[in-house]
Amino acid sequence: VTARVDVALVHYPVYNKEGAVVASAITNLDLHDIARAAKTFGVDTFHVVTPVTDQQQLFTEILDHWLHGAGAAYNEKRKEALTLVRLCDSIATLRATVRQKWGEVCVLATTAGERNDPIPYGAVRQRIAAGQPLLILFGTGWGLAEEAAAAADGFLPPIRGKGDYNHLSVRAAVAIILDRLLGEREGTGR
Ligand code: SAM
């Protein structure tokens, strides 16, 4: 069962350690782990956003290996998850692609930082259950640059732990957020 929910891992525009806007590098780890989380929670498509040509080529090589090459026979479950992954060159193209699929779509950005008026998880969960299409943007590097955030309609609240340490990997953040929005609630069967 799939929901009308897509996730995107944005490699540009993101911040680097110095706060400059850069394109970050695609990692194998992100593709595999986020694809598995997406498949587990019934996400429709996992978009990987990068405008950098050699990064796009790397993406194609990785996917090709696991979908059609030696990797496909080696690990069926990985292949199944990676069939959800698509390449996209910009956030503008991404928005247009998702809109073409579902019509008007709500785009929500994620961050570990505080933002004004984030949309509570419970409310977003209800919107999804009511059939509203949703696209969730995740950052790489040191997080989504302001222009990426500006392309969104709003923010999800930051995930909070117990202390000051607030440095989840994007892979962990995706899994936690998808569980909050799409995972089965204990004892409810839905
Ligand atoms: N190099 C890091 C890695 O290995 O994952 C990339 C860090 S990247 C800035 C982390 C991304 O995960 C953020 O842009 C955001 O999308 C998400 N994220 C991390 N911590 C979060 C939190 N506490 N709440 C919501 N999203 C979070």
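For ligands, and for the atoms within them, numbers begin at 1 and follow the listed sequence. Start at 1 with the first residue, then count along the sequence. Atoms considered below: every heavy atom in the structure, side chains included; atoms not considered: hydrogens, waters and symmetry mates.
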Quiz item: Does any N or O in the side chain of H11 come within less than 3.5 Å of the main-chain N or O of A23, such that one atom is a donor and the other an acceptor?
Solution: no

Practice problem: Answer yes or no: are there more than 12 heavy-atom neighbours, outside D117 itself, under 6.0 Å from its atom CG? | Solution: no

Quiz item: So does E104 pair up with R99, basic N to acidic O under 4.0 Å?
Solution: yes

Practice problem: Select all protein residues for which some heavy-atom-to-ligand 1 distance is less than 4.0 Å, and list them by chain and number. | Solution: T110, T111, A112, F138, G139, T140, G141, W142, G143, P158, I159, N166, L168, S169, V170, R171, A173

Quiz item: Can R78 and D33 be counted as an ion pair, charged N to O under 4.0 angstrom?
Solution: no

Using a 3.5 Å cut-off and no angle test, enumerate the donor-acceptor pairs between side-chain atoms of residues 105-112 and protein atoms at least two apart in sequence or in another chain.
unit_1, atom_1, unit_2, atom_2, d
T110, OG1, L137, O, 2.8
T111, OG1, G113, N, 2.9

Exercise. Could you tell me whether R171 and D30 have a side-chain N and a carboxylate O separated by less than 4.0 Å?
Key: yes

